[in-house]
Trainee: 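I am attaching a structure below and will ask some questions about it afterwards.
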Amino acid sequence: MGERLSDAEEVGGSKPPEPTTRDGASGGRDRPVLPLFLGVMAEAHEERHLLLSGEFDCDPEPLSTLRHSTSHVMAQAVKRLFPEVKLAIGPAIEDGFYYDFGRSQPFTPEDLARIEAVMREIAREGHRFERMELPRAEAIAFFRERGEPFKAEIIEGIADDRVSLYRQGEFVDLCRGPHVASTAEIRAFKLLSSSGAYWRGDEKNPMLQRIYGTSWLAQEDLDRYLWRLEEAKKRDHRKLGRDLDLFDFFDVAPGAPFWLPNGMVLVRELEKFARESLDARGYQEISTPLLVNKRLWVESGHWEHYQDNMFKVEVEDELFSLKPMNCPESALVYRRSLRSYRDLPLRFSEMGRCHRNERSGTLTGLVRVRQFTQDDAHIYVRPDQLQDEITQLLELVQEWYKVFTLTATFKLSTRPEKRLGTEEQWDTAEKALHEALRANGLAYSVNPGDAAFYGPKVDIDVQDVLGRAWQVATIQVDLTMLPERFQLEYIDTDGQPKRPVAIHRAIFGSYERFIGILTEHFAGAFPTWLAPVQARVLPISQKHEEYARQVWERLRGARIRAELDHRNEKLGYRIRDAQVRKVPYMLVVGERERQQGAVSLRHRTEEDLGAIPLERVLADLAREISSRAATLTVGRS
RNA sequence: GCCGGUGUAGCUCAGUGGCAGAGCAGCGGUUUCGUAAACCGCAGGUCGUGGGUUCAAGUCCCACCGCCGGCUCCA
């Protein structure tokens with residue numbers, strides 16, 4: 001993770017700090033993996049505990065252990081500064097750790113600085129982490145006496161007779177370990193932020209104050225991580241969206257993006273891509289109403305289960321709602337005529353604009369919105385067609401993501417406790433998903449019990465260049481919801497009506513989120529086929545404007561999105577401007593080019609590539625765009 | 001929705017009770033330029049919105065809205 005930023009498309013990015021040579025698999029020449037781990041294991045009883053139970057509060061892997069230990073040191077520092085604070089929990093998490101504290105006052109940035117300073121003192125003091133065990137009842141009494149109600153509550157929920165505590169210096173915490181040997185091992189860390197968090201994650205419980213931090217084995221690793229955070233900030237689609245004039249939000253429509261001309265190019269190109277692909281695969285596109293009478297939502301069950309998220313509108317004493325999903329209306333389309341077994345699979349695709357009343361605090365740029373457009377489809381199949389259809393869908397998903405150089409991860413979610421449908425139906429559906437994943441040679445993880453109540457699903461995450469995962473696509477088998485609730489049927493070979501199986505699927509997920517992810521993935525430097533402006537013509541001076549205009553006309557004639565920048569500015573200024581705007585190609589023209597019928601080419605990340613005949617540039621550009629190439633190829637060959 | 005932070009020019013930000021500021025962007029002029037920022041000038045503001053305190057509010061107080069970081073939710 002974090003090693004993938006060196007792509008050629010990176011524009012104006014700073015160089016990462018020199019990576020440390022050790023990286024888990026790659027040898028680890030000077031990382032103190034072994035000594036640290038031995039330190040963790042030094043105490044014989046802890047080793048025994050590991051061997052016997054394998055139960056720890058964190059992964060006994062060195063980095064998690066270090067982060068978990070850092071959270072204890074932070075808690076110790078907080079207790080030194082604010083003795084009245086109550087301890088809750090402090091786990092290691094990806095890239096760091098947090099600790100939750102019971103305290104009426106939130107922590108200020110100044111508090112964090114003070115806490116961090118005390119943590120460094122504690123590290124200098126070099127306290128050993130010592131494990132001890134107490135009978136359960138004694139431990140409860142111990143924490144009650146120390147005024148730690150949360151800790152006591154945790155132990156009350158533990159079934160074991162004995163619990164383990166860890167001490168470093170004056171600080172004692174309920175903990176299963178493991179820990180590093182001494183606070184002296186905690187060096188490369190930083191507190192990052194504080195926020196509210198509910199006790200045990202339940203909003204009915206009191207709100208605690210959480211402090212997040214990060215901790216690493218070596219200072220270089222910390223520096224590298226902090227650099228990664230900076231880099232992620234530069235790639236933030238909200239910033240790039242504004243800088244590149246892709247989209248904007250206005251406070252009159254929270255959670256609903258306005259697409260600006262540049263961003264709308266992205267939407268249109270993606271739509272075009274999707275339609276070309278789906279048309280070739282037997283999909284039939286439909287479009288259904290946004291505003292629908294409550295009666296439909298009652299029939300679909302959304303009124304019962306999803307009402308709180310729906311925008312309601314009263315029209316002439318009748319209640320309507322903006323659709324939060326497209327499936328019920330797709331079912332109406334299916335149901336409007338008698339279907340034969342020969343008609344299946346029936347694939348209805350829809351660019352479905354949905355509205356969901358997400359709670360205000362959850363809205364985030366394009367990735368969490370109230371109005372979005374799904375690249376939705378509902379596929380109706382006979383049970384015997386299910387597996388083959390899923391197999392094809394997985395192929396399609398991979399084909400699409402490859403175009404965007406995104407790497408997908410597949411997660412299979414299986415039957416939950418509360419579910420509809422027979423065991424036999426679930427067996428068949430889950431087997432179909434397993435087999436389809438295998439048929440595609442895909443590695444996947446399984447989330448038992450995580451499926452929707454109506455059928456198992458495969459969710460697909462993509463990783464962006466910074467290694468962050470985003471859920472985009474989903475393939476959900478629907479055994480009961482649409483088929484049963486809407487009484488869907490097809491006439492089978494025996495002349496009898498049968499229930500089809502429905503598949504709900506989206507590959508981009510939503511255009512909004514997908515464009516947000518692409519923006520971050522490419523850092524705004526989109527492949528040429530997606531780039532809002534594909535080429536800029538730059539005359540050396542205004543004397544060369546006429547030839548520049550001819551070049552520009554040729555580009556536009558070839559339906560290339562081109563601009564002519566003949567502003568009264570020096571060439572260097574205009575080149576810089578095109579670079580900043582991440583325009584893939586700059587075509588510089590002066591007297592020499594005019595005489596040769598050529599242009600001097602420059603890629604957005606590179607130096608002058610020299611004069612190239614205009615005809616060749618046009619041909620190369622056309623090829624690159626029509627093939628939806630991921631990299632810049634014009635003039636290279 | 002909850003906890004906290006935040007909101008000043010198109011953008012990035014300064015201004016801590018006493019005349020609303022800078023850089024970039026924009027516009028005008030000079031310059032006519034060979035590969036990442038020429039020079040001079042001009043214009044640009046209900047300081048998120050609404051109340052309040054004060055002789056005086058961008059600044060202090062209250063409420064609301066948006067945004068940011070989390071929590072929760074994510075049929």
Side-chain angles (χ1 to χ4, degrees), chain A residues 11-12 98 100 103-109 111-112 192-212 233 236 238-239 242-243 245 248-255 297 300-310 324-325 327-328 354 356-365 367-369 416 418 451-455 457 459 471 474 476 478 481 504 509 513 538-545 566-581 586-593 600-611:
Chain A
V11 176
Y98 67 80
D100 284 347
R103 188 188 190 222
S104 50
Q105 291 285 100
F107 293 103
T108 64
D111 291 336
L112 294 199
L192 298 173
S193 62
S194 62
S195 71
Y198 300 107
W199 167 233
R200 299 198 145 163
D202 187 333
E203 61 186 320
K204 291 194 266 311
N205 286 338
M207 171 118 2
L208 308 175
Q209 302 302 328
R210 174 172 299 180
I211 301 177
Y212 284 94
K233 225 187 257 179
D236 190 315
R238 292 167 295 189
K239 176 182 160 50
R242 206 177 35 239
D243 292 350
D245 297 317
D248 205 355
F249 289 89
F250 294 88
D251 59 11
V252 288
W297 308 117
S300 70
H302 286 84
W303 202 256
E304 189 185 346
H305 298 289
Y306 205 66
Q307 220 194 117
D308 290 349
N309 284 293
M310 292 163 67
M325 296 176 198
C327 31
C354 295
R356 296 182 189 173
N357 189 9
E358 305 289 354
R359 296 157 91 176
S360 57
T362 65
L363 303 175
T364 307
V367 298
R368 191 68 190 269
V369 288
K418 284 178 68 179
F453 68 86
Y454 52 78
K457 62 175 177 174
D459 286 328
Q471 207 218 295
T474 187
Q476 304 193 1
D478 180 359
M481 189 178 70
H504 308 237
R513 175 176 286 187
L538 309 178
I540 298 284
S541 84
Q542 290 176 336
K543 282 179 193 152
H544 314 104
E545 190 176 326
H566 60 284
R567 287 177 296 180
N568 181 13
E569 297 287 354
K570 290 177 71 171
L571 181 60
Y573 176 93
R574 287 173 288 141
I575 284 172
R576 180 173 188 281
D577 188 65
Q579 304 268 32
V580 167
R581 302 287 296 188
M586 281 157 270
L587 280 51
V588 176
V589 297
E591 187 52 27
R592 289 203 299 271
E593 288 78 8
S600 281
L601 191 71
R602 208 183 149 113
H603 292 191
R604 66 185 152 209
T605 53
E606 294 183 23
E607 303 292 303
D608 184 8
L609 298 177

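So you know, we letter chains A, B, ... as the sequences are listed, proteins then strands, and number each from 1. Since the structure is predicted, the reported quantities are computational estimates derived from the model, not experimental observations.
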Trainee: In whole Å, what separates the P atom of B/rG17 from that of B/rG10?
Mentor: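 B/rG17 and B/rG10 have their P atoms separated by 27 Å.
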Trainee: Run A/Thr474 and A/His504 through side chain to side chain contact (heavy atoms under 4.5 Å, CB included) and show every step you take.
Mentor: CA-CA 8 Å; A/Thr474 187; A/His504 308 237; over 6 Å; no
Trainee: Over how many whole Å does the gap from A/Asp248 atom CG to B/rC67 atom C1' extend?
Mentor: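 Going from A/Asp248 (CG) to B/rC67 (C1'), I get 12 Å.
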Trainee: Over how many whole Å does the gap from A/Lys233 atom NZ to B/rU12 atom P extend?
Mentor: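 It is 13 Å, rounded to the nearest whole Å.
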Trainee: Side-chain contact, heavy-atom cut-off 4.5 Å: A/Val369 with A/Arg513?
Mentor: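 They are not in contact (no side-chain heavy atoms under 4.5 Å apart), so the answer is no.
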Trainee: A/Ile575 side chain: which of B/rA25, B/rU35, B/rU32 is closest?
Mentor: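 Closest of the options to the side chain of A/Ile575: B/rU35.
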Trainee: With rounding to the closest Å, how many angstrom separate the P atoms on B/rG7 and B/rU16?
Mentor: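 After rounding to an integer number of Å, I get 13 Å for this pair.
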Trainee: Can you check the distance between B/rA56 and B/rG51, where both ends of the measurement are the P atom (answer in whole Å)?
Mentor: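 That atom pair is separated by 16 Å.
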Trainee: Between the side-chain atoms of A/Glu607 and the base atoms of B/rU35, is any donor-acceptor pair under 3.5 Å?
Mentor: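 A donor-acceptor contact between them is absent.
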Trainee: How far does the P atom of B/rA63 sit from the matching atom of B/rA20, given to the nearest Å?
Mentor: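 Their P atoms lie roughly 28 Å apart.
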Trainee: In whole angstrom, give the distance that lies between atom CD of A/Glu569 and atom P of B/rC39.
Mentor: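 Roughly 10 Å, once rounded to whole Å.
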Trainee: Could you tell me if the side chain of A/His566 sits less than 4.5 Å from the side chain of A/His544, heavy atoms only?
Mentor: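 Side chain of A/His544 against side chain of A/His566, heavy atoms only: no contact under 4.5 Å found.
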Trainee: Is A/Glu591 touching bases, backbone alone, or none of the nucleic acid, heavy atoms closer than 4.0 Å?
Mentor: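 Base, at least one base heavy atom under 4.0 Å.
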Trainee: Look at A/Arg567 and B/rG26 and indicate whether a side-chain polar atom (N or O) is within less than 4.0 Å of OP1 or OP2.
Mentor: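 Yes, because at least one side-chain N or O of A/Arg567 sits under 4.0 Å from OP1 or OP2 of B/rG26.
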Trainee: Treating primed atoms plus P, OP1 and OP2 as sugar-phosphate and everything else as base, which nucleotides of nucleotides 69-75 of chain B get B, S or - for protein heavy atoms under 4.0 Å?
Mentor: BBBBBBB
Trainee: Side chain to side chain contact (heavy atoms under 4.5 Å, CB included) for A/Asn309 and A/His302? Distances and angles first, verdict last.
Mentor: CA-CA 10 Å; A/Asn309 284 293; A/His302 286 84; over 6 Å; no
Trainee: Quick one: does A/Asn568 reach the base of B/rC33 with a side-chain donor-acceptor pair under 3.5 Å?
Mentor: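 It does, because a donor-acceptor pair links the side chain of A/Asn568 to the base of B/rC33 below 3.5 Å.
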Trainee: Taking OP1 and OP2 of B/rC33, is either one under 4.0 Å from a side-chain nitrogen or oxygen of A/Lys543?
Mentor: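 For B/rC33, OP1 or OP2 has a side-chain N or O of A/Lys543 closer than 4.0 Å.
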Trainee: When the distance from CD of A/Gln209 to P of B/rC3 is rounded to whole Å, what number comes out?
Mentor: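 After rounding, the reported distance stands at 10 Å.
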Trainee: Do the non-hydrogen side-chain atoms of A/Trp303 and A/Met310 ever get within less than 4.5 Å of each other?
Mentor: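 Touching, per the 4.5 Å side-chain cut-off.
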Trainee: Could you state the CG-P distance from A/Leu571 to B/rA36, rounded to the nearest angstrom?
Mentor: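 In whole Å, B/rA36 P and A/Leu571 CG are 8 Å from each other.
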Trainee: So do the side chains of A/Gln542 and A/Asn568 get within less than 4.5 Å of each other, counting heavy atoms only?
Mentor: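 Yes, at least one pair of side-chain atoms sits under 4.5 Å.
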Trainee: Quick one: the dot-bracket string of RNA chain B, using Watson-Crick and G-U wobble pairs with both distances under 3.5 Å, [ ] for crossing pairs and | for bases paired to another strand.
Mentor: (((((((..((((....[..)))).(((((.......))))).....(((((..]....))))))))))))....
Trainee: So, do A/Asp577 and A/Arg567 sit near enough that their side-chain heavy atoms are less than 4.5 Å apart?
Mentor: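 A side-chain contact exists here, since the closest heavy-atom pair is under 4.5 Å.
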Trainee: How close or far is atom P of B/rU30 from atom NZ of A/Lys570, stated in whole angstroms?
Mentor: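 Atom NZ in A/Lys570 sits about 18 Å away from atom P in B/rU30.
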Trainee: With RNA chain B as reference, determine whether A/Arg242 or A/Gly365 sits nearer its 5' end, using the nearest nucleotide of each.
Mentor: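 By nearest-heavy-atom nucleotide position, the 5'-most residue is A/Arg242.
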Trainee: Pick base, sugar-phosphate or nothing for A/Glu304, based on heavy-atom distances below 4.0 Å to the nucleic acid.
Mentor: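 If one applies the 4.0 Å heavy-atom cut-off, A/Glu304 turns out to touch nothing in the nucleic acid.
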Trainee: Of A/Lys239 and A/Val588, whose closest RNA chain B nucleotide lies nearer the 5' terminus?
Mentor: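 Mapping each residue to its closest nucleotide by heavy atoms, the 5'-most match is A/Lys239.
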Trainee: Is the shortest side-chain heavy-atom distance between A/Glu591 and A/Ser541 below 4.5 Å?
Mentor: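 No. Closest side-chain heavy atoms not under 4.5 Å.
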Trainee: Would you mind checking if A/Asp100 and A/Arg210 are paired as a salt bridge, meaning a charged N to carboxylate O distance below 4.0 Å?
Mentor: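 Result for this pair is yes, salt bridge flagged.
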Trainee: Before accepting this row, confirm whether a basic side-chain N of the pair A/Asp202/A/Arg200 lies closer than 4.0 Å to the acidic partner's carboxylate O.
Mentor: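 Judged by the 4.0 Å cut-off on N to carboxylate O distance, A/Asp202 and A/Arg200 do not form a salt bridge.
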Trainee: Expressed as a whole number of Å, how far does the P atom of B/rG26 sit from that of B/rA37?
Mentor: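 My reading of the P atoms in B/rG26 and B/rA37 gives 16 Å.
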Trainee: What's the NE2-P distance between A/His544 and B/rC33, to the nearest Å?
Mentor: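 Interatomic distance, NE2 of A/His544 to P of B/rC33: 8 Å.
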Trainee: Please give the distance between the P atoms of B/rU35 and B/rU30 as a whole number of Å.
Mentor: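 Comparing P positions in B/rU35 and B/rU30 gives a spacing of 25 Å.
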Trainee: Would you sort out whether A/Tyr454 and A/Gln476 count as a side chain to side chain contact (heavy atoms under 4.5 Å, CB included), showing the intermediate values?
Mentor: CA-CA 9 Å; A/Tyr454 52 78; A/Gln476 304 193 1; 2.4 Å; yes
Trainee: Sticking with atom P, work out how far B/rC11 lies from B/rG45, rounded to a whole angstrom.
Mentor: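 Between the two P atoms, the distance is 14 Å.
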Trainee: Do other residues, nucleotides or ligands put more than 12 heavy atoms under 6.0 Å from the CG atom of A/Asp308?
Mentor: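 Not more than 12 within 6.0 Å, no.
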Trainee: Indicate yes or no: at least one non-hydrogen side-chain atom of A/Met481 is less than 4.5 angstrom from one of A/Cys327.
Mentor: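 A side-chain contact exists here, since the closest heavy-atom pair is under 4.5 Å.
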Trainee: Grab the CE-P distance between A/Met586 and B/rU35 for me, whole Å please.
Mentor: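 Distance check: A/Met586 CE to B/rU35 P gives 14 Å.
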Trainee: Can you see if the side chain of A/Tyr573 gets near the phosphate of B/rC39 - specifically, an N or O under 4.0 Å from OP1 or OP2?
Mentor: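 For A/Tyr573, the contact criterion (side-chain N or O under 4.0 Å from OP1 or OP2 of B/rC39) is not met.
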Trainee: Does a side-chain heavy-atom distance below 4.5 Å link A/Tyr212 with A/Ser195?
Mentor: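 Yes, at least one pair of side-chain atoms sits under 4.5 Å.
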Trainee: Would you classify A/Ser600 as touching base, sugar-phosphate or nothing, given that sugar-phosphate means primed atoms plus P, OP1 and OP2, and contacts are heavy atoms under 4.0 Å?
Mentor: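 Base: the residue A/Ser600, judged by heavy atoms under 4.0 Å, touches a nucleobase.
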Trainee: How would nucleotides 44-50 of chain B be written as a contact map, 5' to 3', with B for base contact, S for sugar-phosphate-only contact and - for no contact, using protein heavy atoms under 4.0 Å?
Mentor: -------
Trainee: Taking atom C1' in both B/rC40 and B/rA36, what distance in whole Å separates the two?
Mentor: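 Per the computed distance, 24 Å lies between those C1' atoms.
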